[in-house]
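Beneath this line is the structure, given in structure tokens, with notes to follow.
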Amino acid sequence: MTTAFPRSLPVFDANASAKGRDLGDLPEWDLSDLYTAPDAPELKRDLDWLEDACARFAADYEGQLAGLDAAGFLEMVQRHEKIETVGGRLMSYAGLRYYQATTDAERAKFLSDLQEKVTIYTTPLVFFTLELNTIEDDAYAALFTASDELARYKPAFDRIRAMKPYQLSDELERFLHDMGVVGDAWMKLFDETIAGLSFTIDGEELPIESTLTLLTEQDRSKREAAAHELARVFGENIRTFARVHNTQAKEKEIMDRWRGMPSAQMGRHLSNDVEPEVVEALRDAVVAAYPRLSHRYYELKRKWLGLDVMQVWDRNAPLPMESDRIVGWDEARKTVTDAYAGFDPRMAEIAEPFFTKGWIDAAVKPGKAPGAFAHPTVTEVHPYVMLNYLGKPRDVMTLAHELGHGVHQVLAAGQGEMLASTPLTLAETASVFGEMLTFRAMLDTAKDQKERKVMLAGKVEDMINTVVRQIAFYDFECKLHEARRGGELTPDDINALWMSVQAESLGPAFEYMPGYETFWAYIPHFVHSPFYVYAYAFGDGLVNALYAVYQESPEGFEDKYFDMLKAGGSKHHKALLAPFGLDASDPTFWDKGLSMIEGFIDELEAMEE
């Protein structure tokens, strides 16, 4: 395999990093489809081209958009798309290479230097969206009716135009663009503070990720120790976290006021291409379902754990009947690809090169970024999937999830750079669907009731974390931003808002230890992407409703599903769901998805009788 990183890097034994577990031959990325090396002549060529192309684009079009005819506008769009492709290819390579070894100073410097150059080169393009929104509505509509080829791009431009009512003068917009680095400084303060936290468990110093992982340990005393230590360290740093949240919420309030945004959430709804009333229908449906979902499930879990009352450190505890079976890589691959093929052979065919051509980086290695993701790179290349595979059954579900993203990204690539990517609300469609296919296949092969019970409970727990917990997070953010409009919030004020949503969502099975009120402090989405969290619940609910349609009437479903994925970001959620007889703006739509979770809990309760 051709690799893109220096030979001076040590080669890590993936199985040694996996604590001695023999997981099989784990694949790693071959980034040569992007560039063969950081000093490859093609990389320098593309960087030089980007600098020149951005300067020429600004020289040719700044101040000219309103005068372009359809042919001229189409040519401009195609030039802009080529700039997006080259810039995206450069940043994808640098980013992926960095994620493989985040502690490698050379890779970090390469990424940072490249990011700086690309930012400088693309700054002259700021005029593009600003000027687009100054074109009169009639002239704008006429452009797209004059050319079928141009009309294809209209959904992308409609999303840009959605910001038109909230756009400020060109001068103010440029000022805010330049001032963005100041707001970013608060994110960096948050990130650096989190990264610098140290937790002491049994005399060992641990970073935050390792400490949070202890909350899923089988040994209850370890979970308890981790929860108390998290609370202690968060408490010591709570003033810093409160300052970050106060400042960012105030900055957002000022920006929203100047733009005339009707709510703190509106900016996120616009970027997600979703109507506020649809999000509120989702939120209301989930909150109304708390007693039928999380409250019932956690009562079952309390009994399984043999506790009179659960503490917060029991929420993600493994079940007593869970096995510690290790799933090798070959078995994981077969499980997922068989499940995909069982739905439609085309799914397995699209997934195959991920395993055979270096599109997956699976092993746990020192310095590698944590977590998992699927990065689409650019539409003329292909996606790359990153895992930290340790052979746990849930790692198999993570493979199914990220591979679903990959399949979606491959299918949508035909839309081109401007239309391939979906809004956050739709981005989880194929990943959650792929997970559901794999889960159902594994459930069908469960060897006994005990194994089936563990699988069902694990799935319900994942769904509660995705739907219930994220909507509780959303409610917390709504309360936080609303309260901040009335003045500075003390740490105790924010703590109280956090606890108001936790007790409501988790239910009466829990007690809350002193210190749990500070656990809002470490969640990055609140700082990096306000109101992002509801997209998780949106995606899960949408897929559950889709899967219910598949179960009820499978005839012809596969072709409609493939068409949906191929559409990428070229259609609104209403148009994408219409062929399935679904409508997310209908309040009963969300109940259809939530009833699937409820059905799993019904089955778990029946097993207890």
Side-chain angles (χ1 to χ4, degrees), residues 186-187 190 193-194 208 212 215 227 230-231 234-235 237-253 256 263-269 272 276 279-291 293-295 298 312 315-316 424-425 463-508 510-541:
W186 289 97
M187 292 185 206
F190 172 84
T193 304
I194 285 287
I208 189 165
L212 288 167
L215 296 176
L230 286 162
F234 293 158
N237 292 273
I238 204 67
R239 288 171 62 189
T240 301
F241 292 120
R243 171 61 47 227
V244 170
H245 281 68
N246 266 293
T247 306
Q248 286 212 301
K250 183 61 181 176
E251 181 187 42
K252 187 170 188 345
E253 185 270 322
D256 288 346
S263 69
Q265 301 87 349
M266 189 64 187
R268 178 62 60 195
H269 299 336
N272 283 342
V279 178
E280 283 312 295
L282 163 64
R283 181 262 168 206
D284 292 347
V286 174
V287 171
Y290 284 169
L293 302 179
S294 46
H295 296 188
Y298 287 129
V312 290
R315 186 175 64 80
N316 285 321
L424 289 174
T425 41
M463 288 170 141
I464 286 172
N465 280 334
T466 304
V467 178
V468 169
R469 188 159 168 79
Q470 300 304 326
I471 289 300
F473 283 178
Y474 176 66
D475 273 359
F476 166 72
E477 284 190 276
C478 292
K479 290 183 175 188
L480 175 77
H481 284 264
E482 182 60 34
R484 181 62 183 89
R485 292 183 176 211
E488 180 90 4
L489 301 174
T490 67
D492 286 344
D493 292 335
I494 304 176
N495 291 347
L497 296 175
W498 174 255
M499 292 308 296
S500 73
V501 301
Q502 291 300 301
E504 179 188 24
S505 62
L506 295 178
F510 283 93
E511 267 184 4
Y512 302 94
M513 67 173 197
Y516 181 65
E517 67 275 5
T518 63
F519 274 45
W520 54 269
Y522 77 93
I523 295 164
H525 290 96
F526 299 158
V527 175
H528 285 273
S529 315
F531 306 109
Y532 178 106
V533 290
Y534 75 74
Y536 290 117
F538 193 108
D540 206 88

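Counting begins at 1 with the first residue of the sequence.
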(message) Check for me whether the distance between the ring centres of Phe241 and Tyr522 falls short of 6.0 Å.
(response) no

(message) For a 4.5 angstrom cut-off between non-hydrogen side-chain atoms, does Gln265 reach Pro276?
(response) no

(request) Evaluate the side-chain proximity of Arg469 to Gln502: yes if any heavy-atom separation is below 4.5 Å, no if none is. (result) yes

(message) For a 4.5 angstrom cut-off between non-hydrogen side-chain atoms, does Phe190 reach Thr240?
(response) no

(request) Report yes or no: do Tyr512 and Glu517 form a side-chain donor-acceptor pair below 3.5 Å? (result) no

(request) Step through the shown structure and confirm whether more than 12 heavy atoms of other residues, nucleotides or ligands are within 6.0 Å of CZ on Arg485. (result) yes

(message) Can you pull out every salt bridge (Lys or Arg N to Asp or Glu O under 4.0 Å) where at least one residue sits in residues 470-482? Sequence neighbours excluded, please.
(response) Arg283-Asp475

(message) For the aromatic rings, using the six-membered ring if either is Trp, is the centroid distance between His525 and Phe531 under 6.0 Å?
(response) no

(request) Hey, could you give me the CH2/OG1 distance between Trp186 and Thr247, rounded to the nearest 0.5 Å? (result) 3.5 Å

(request) To the nearest 0.5 angstrom, please state how far the CE atom of Met499 sits from the CD1 atom of Ile494. (result) 15.0 Å

(request) Flag the pair Met266 / Asp256 as yes when at least one side-chain heavy-atom distance between them is below 4.5 Å, and no otherwise. (result) no

(request) Look at the aromatic rings of His295 and Tyr290 and report parallel, tilted or perpendicular, splitting at 30° and 60°. (result) tilted

(message) Ring centroids only, cut at 6.0 angstrom: are Tyr516 and Phe519 within range, meaning strictly under it?
(response) yes

(request) Could you tell me which non-hydrogen atom of Ala231 sits nearest to which non-hydrogen atom of Met513, and how far apart they are? (result) CB-CE, 3.7 Å

(request) Applying side chain to side chain donor-acceptor pair (under 3.5 Å), run through Tyr534 and Asn272 and close with a yes or a no. (result) CA-CA 10 Å; Tyr534 75 74; Asn272 283 342; 2.9 Å; yes

(message) Under the rule for salt bridge (Lys or Arg N to Asp or Glu O under 4.0 Å), what residues qualify as partners of Asp493, not counting sequence neighbours?
(response) none

(message) Are His481 and Glu253 packed together at the side-chain level, in the sense that at least one heavy-atom pair is separated by less than 4.5 angstrom?
(response) no

(message) Working to the nearest 0.5 angstrom, can you tell me the gap between Arg239 CZ and Asn246 CG?
(response) 12.5 Å

(message) Under the rule for salt bridge (Lys or Arg N to Asp or Glu O under 4.0 Å), what residues qualify as partners of Glu488, not counting sequence neighbours?
(response) Arg243, Arg484

(request) Would you confirm whether Ser294, through its side chain, and Ser505, through its main-chain N or O, come within 3.5 Å as a donor-acceptor pair? (result) yes

